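Chain naming here is simple, since letters A, B, ... match the order of the sequence lines and numbering starts at 1 in each. Note that the structure is a prediction, hence the values are computed from the model and not measured.
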Protein chains: 2
Amino acid sequence: MGSEVNEHADVEGDGRSARKRRAILDAATEVFLKSGYLGTNMDEIAALSAVSKQTVYKHFSSKEALFVEIVGGMTTGAGDTVHNDVAQLGPDEDLAAYLVEYALRQLTVVLTPRIMQLRRLVIGEVTRFPELARVLYERGPARAMKMLAVVFKDLAGRGLLDIDDPAIAAEHFNWLIMSAPLNQAMLLGDDAIPSEAELRRNAEAGVRVFLAAYGGLGR
Amino acid sequence: MGSEVNEHADVEGDGRSARKRRAILDAATEVFLKSGYLGTNMDEIAALSAVSKQTVYKHFSSKEALFVEIVGGMTTGAGDTVHNDVAQLGPDEDLAAYLVEYALRQLTVVLTPRIMQLRRLVIGEVTRFPELARVLYERGPARAMKMLAVVFKDLAGRGLLDIDDPAIAAEHFNWLIMSAPLNQAMLLGDDAIPSEAELRRNAEAGVRVFLAAYGGLGR
DNA sequence: GTTCAGAACTGGACCGTCCAGTTCTGTGTG
DNA sequence: CACACAGAACTGGACGGTCCAGTTCTGAAC
């Protein structure tokens with residue numbers, strides 16, 4: 001037993017098996033996002049991925065396992081997308097403009113129909129899959145605020161911000177920027193996702209408040 | 001049309017029919033909150049309310065209708081609870097303390113297991129019941145911020161706050177106060193609902209930032 | 001001869017309906 | 001006030017039709 005050698009199936013492969021697996025994952029992602037966990041049936045996933053149900057169950061032991069795999073992958077992927085290129089503030093750069101850009105990067109990634117739907121999906125399944133929600137929290141808001149806290153601590157050390165507790169400042173910044181559009185899109189649907197211009201205005205207003213509270217001497 | 005005379009069935013009655021109807025609503029609330037829309041079956045509701053399924057369908061035409069009735073009622077009820085006694089700021093009262101109390105009232109109502117679960121439920125069903133989510137948005141955050149905007153406009157008129165756009169200030173205040181605990185409880189479950197002491201600290205920190213940005217001359 | 005598609009199948013869950021028999025409620029009558 | 005009675009509401013159970021997760025079988029392709 002256990003004579004399998006192709007253990008690289010879950011990273012990136014181009015064998016037939018890996019291709020099918022990818023097709024299943026893609027199809028399942030779409031269907032789960034559209035219909036929710038209970039609202040999704042495996043036949044639809046098999047049909048959409050152009051694969052027999054037998055093949056689906058060869059790759060994933062159950063509906064639950066497939067769901068966990070997909071949601072886990074999406075949250076981690078999205079989290080990585082946000083925090084890839086964290087530009088630092090240059091010496092001659094404007095602090096407010098820098099913070100606005102920082103905010104906009106976050107907003108434009110999170111306020112995407114797919115990511116919003118993922119959020120709704122996970123929130124709706126908190127009871128059934130608490131672990132998934134915890135992962136989303138860690139890889140999402142918690143991670144973002146941890147990164148922010150580091151940035152703020154640095155800026156405070158350079159005398160550009162007057163911050164007592166970087167973690168709290170990061171929370172305040174994060175939610176000043178994200179909450180309004182996030183909650184709106186969450187409940188009013190994807191059509192309520194603000195345009196980039198609106199997001200910019202929102203970010204600027206948030207940064208203004210943030211700097212009023214945490215902006216150091218150079219006001 | 002509308003020749004019905006006994007329209008008082010949905011307010012408060014004590015007849016047998018009204019009692020059963022209430023029992024059904026109570027049971028259905030519990031089951032829906034616990035298992036979600038698709039995860040709930042009508043047999044369980046009938047059993048828990050100690051009523052035959054026939055009676056359930058005599059009062060509510062379908063599972064969907066029952067669900068809409070319950071969620072609608074709960075959102076409206078919770079919204080009213082928050083905005084019942086809106087005390088105004090007295091002449092000799094401390095502004096910061098007043099705002100902290102204002103925030104705490106909101107927090108302690110919203111951060112309840114039942115209300116949190118309702119939020120999760122509605123968010124998870126945005127696609128299936130967009131109207132319900134819209135109602136929750138209107139009766140929840142939108143209403144709260146509208147009330148806040150009125151309060152802030154008044155305070156600004158009295159020279160206690162320096163506010164340009166009351167609506168934006170209300171948004172900032174609302175989310176400075178609510179976002180951190182709300183998001184945490186939303187994803188990490190009811191066990192992550194902060195204690196009242198933590199909520200107070202959170203409110204105080206939020207008010208501090210708010211007043212730094214919007215506090216008028218009397219700083 | 002291994003893998004997969006296609007299709008059928010199992011076992012079970014569930015919505016909504018139906019029905020025969022029972023209980024409640026309100027109204028009229030002596 | 002006691003009683004009878006009609007109509008509405010309710011029970012308990014059964015059932016049709018549908019849906020679905022997961023398994024199994026057959027035939028074909030490579």
Rounded off to whole Å, could you give me the NZ-to-C1' distance for the Lys58(B) and dC24(C) pair? 13 Å

Given dG6(C), dT23(D), dT25(C), which nucleotide is nearest the side-chain atoms of Ser52(A)? dG6(C)

From CZ of Phe60(A) over to P of dT23(D), roughly how many Å is that when rounded to an integer? 16 Å

Is a donor-acceptor pair below 3.5 Å formed from side chain Lys53(B) to base dG13(D), judging by atom type as modelled? no

5'-most contact on DNA chain D: Gln54(A) or Asn41(A), nearest heavy atom basis? Asn41(A)

Is Arg21(B) salt-bridged to Glu69(B), cutoff N-O under 4.0 Å? yes

Would you kindly give the CD-to-C1' distance between Glu44(B) and dC14(C), to the nearest whole Å? 12 Å

Separation of dC19(D) atom P from Met42(B) atom CE, nearest Å, is 18 Å

In terms of ring plane angle, is the pair Tyr37(B) and Phe32(B) parallel, tilted or perpendicular, where the classes change at 30° and 60°? parallel

Rounded to whole Å, how long is the line connecting atom NZ of Lys63(B) with atom C1' of dT17(C)? 17 Å

Below 4.0 angstrom from OP1 or OP2 of dC10(D), is there any side-chain N or O of His59(B)? yes

Quick one: do Gln117(B) and Arg120(B) satisfy side chain to side chain donor-acceptor pair (under 3.5 Å)? Show the steps, please. CA-CA 5 Å; Gln117(B) 191 54 34; Arg120(B) 295 190 197 103; 2.6 Å; yes

Can you tell me which nucleotide in dT23(D), dC10(D), dT25(C) comes closest to the side chain of Tyr57(A)? dT23(D)

Asp43(A) CG to dT18(D) P, straight-line distance once rounded to whole Å: 17 Å

Residue pair Ser61(A)/Thr55(B) against DNA chain D: nearer the 5' end by closest nucleotide is Thr55(B)

Given atom CZ of Arg22(B) and atom P of dA9(D), what is their separation to the nearest angstrom? 18 Å

Check the angle between the aromatic planes of Tyr214(B) and Phe210(B) and answer parallel, tilted or perpendicular using the 30° and 60° thresholds. tilted

Tell me the interatomic distance from Leu38(A), atom CG, to dG12(C), atom P, rounded to whole angstroms. 19 Å

Supply the atom-to-atom distance Thr127(B) OG1 to Leu121(A) CG, rounded to the nearest 0.5 angstrom. 9.0 Å

For Ala50(B), answer base if it contacts any base atom (sugar-phosphate contacts may also be present), sugar-phosphate if it contacts only those atoms, and nothing otherwise; contact means non-hydrogen atoms under 4.0 Å. sugar-phosphate

